[in-house]
There are 2 protein chains.
Amino acid sequence: MTGATAKTLPVVMTENREARGPFLIVCEHASNHFPAAFGTLGLTPEARSAHIAWDPGAFNLARGLSKALDAPLVAANLSRLVYDLNRPPHAAGAMAERSEVYDIPGNADLAEAERLRRTEAIYLPFHAALHAEIARRLATGRPPVIVTVHSFTPVYFGQHRNVELGVIHDADPTFATAVLAEAKALTGLDCRMNEPYSAADGVTHTLRLQATPYGLHHVMLEIRNDLLADDLAVAAMTDGLAPVLAAALARIGAGTNRKAAI
Amino acid sequence: MTGATAKTLPVVMTENREARGPFLIVCEHASNHFPAAFGTLGLTPEARSAHIAWDPGAFNLARGLSKALDAPLVAANLSRLVYDLNRPPHAAGAMAERSEVYDIPGNADLAEAERLRRTEAIYLPFHAALHAEIARRLATGRPPVIVTVHSFTPVYFGQHRNVELGVIHDADPTFATAVLAEAKALTGLDCRMNEPYSAADGVTHTLRLQATPYGLHHVMLEIRNDLLADDLAVAAMTDGLAPVLAAALARIGAGTNRKAAI
């Protein structure tokens, strides 16, 4: 049932599907595309290009990491304001009425039928596609390490954020702890655990749905988006973070967290 | 991509899809059907009808509870020996080489390609169908209570089991605790928590994958299969357990565990 929808509306971009490396890269907020089927939600062009609509720079960084680490990449093809794929269907933030200082007119007082339509057209096919990539690797003895790639705005509600790299985890901190240690050792970034958000803020839905049930090692990377402002900056960040992920995996030893996976 | 497979091999039976009650019933081991695409795994007819192939009585009980509680039912349409839908693709038990005292010749030394084929043809479409039913209800403000229905053999490795009703939970024991209390109060069954199995034995995969990430209340019911031996026995068990589930829900108050769901 999800197949037909995915064909008519390509909500998922998958690259490097046959890659053989140990990581699987996810980018839920890759795009600020507003598909015709859902309209532009009453937003100005300025709002549609702001950080509320997507994570600027995150897709290019995710693609760079995918290439550098020989990892598949599963990315969304539409704005988080139509459906935020890192939120469950019953979360207010899945189809937010307001984001930071912006109202989202097209999400105000959404009818149940519209929430259902977006859930079936966007949420289910995206997570089915990601689930399929993970299950294929589990079935063939290659449990992937899940890395979700995000960016955040340097100024939020008027406050400047000092953190440059946020390292966030769901239930199991093992891999994130190793990533933080290697990022501090190998980069000059201001790196912090579970900043500017943490699982308690509901930002680890993808990890909770797709990594934690399988006991897969995982991390959510949050990069301040002024450090991803152009192609050169993204390339430098890719060159900085790919070795961090590889070193973190070497530090903990590869493979599934067997205790949780059974 | 799962849609085409699901059409050619109907691995899922969904009934009462438009039901309006608070429960969603799942029966992963409903059938001892061996689809032609996978053969009979070298098993005798006797082995194919034994408890290793399915949970005898579980489907009829699940269907009875679905009717009594106005709940959708999602059930598998093939033997657990082809793929055990309550196990992840990398678990040995997903395509078991041996089950209790039986060897499963068709599962011996499975090639990676065959593990992948069964994962894509069976595991992914079943869990996509269940995920869709859950997500539809979340999107429309009706978070379901997930009830998986199983049966177990009274004699296992030659040992008789006294427990008659096992009440099992994944991470959150809230609903299972209420079910156990109501079952003790309302039935004459020998009821026990996390017997004859528990999450530590890897038997809560469906709940871990589909209920826990959403903070949904859940329980796995394990009924000793000599108590489901014929239609009259199943009807009596249905009449006994439907009020237990309803009373347990009333006891805890309906709805999602908001703390975990965000």
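The basis for the numbers below is simple: all heavy atoms, side chains too, and nothing from hydrogens, waters or symmetry mates.
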> Can you tell me how far CG of B:L138 sits from CZ of A:R115, rounded to the nearest 0.5 angstrom?
Replying inline: 10.0 Å
>> I need the A:I134 CD1 to B:L124 CG distance, nearest 0.5 Å.
In response: 10.0 Å
> What heavy-atom pair brings A:P213 and B:P213 nearest, and what distance separates the two atoms?
Replying inline: CG-CG, 4.3 Å
> Using non-hydrogen atoms only, which part of B:T140 is less than 4.5 Å away from chain A: side chain, backbone, both, or neither?
Replying inline: both
> When only pairs under 4.5 Å are counted, which of B:P89, B:A94, B:G93 shares the most heavy-atom pairs with chain A?
Replying inline: B:P89
> Any side-chain heavy atom of B:L116 sitting closer than 4.5 Å to one from A:R136?
Replying inline: yes
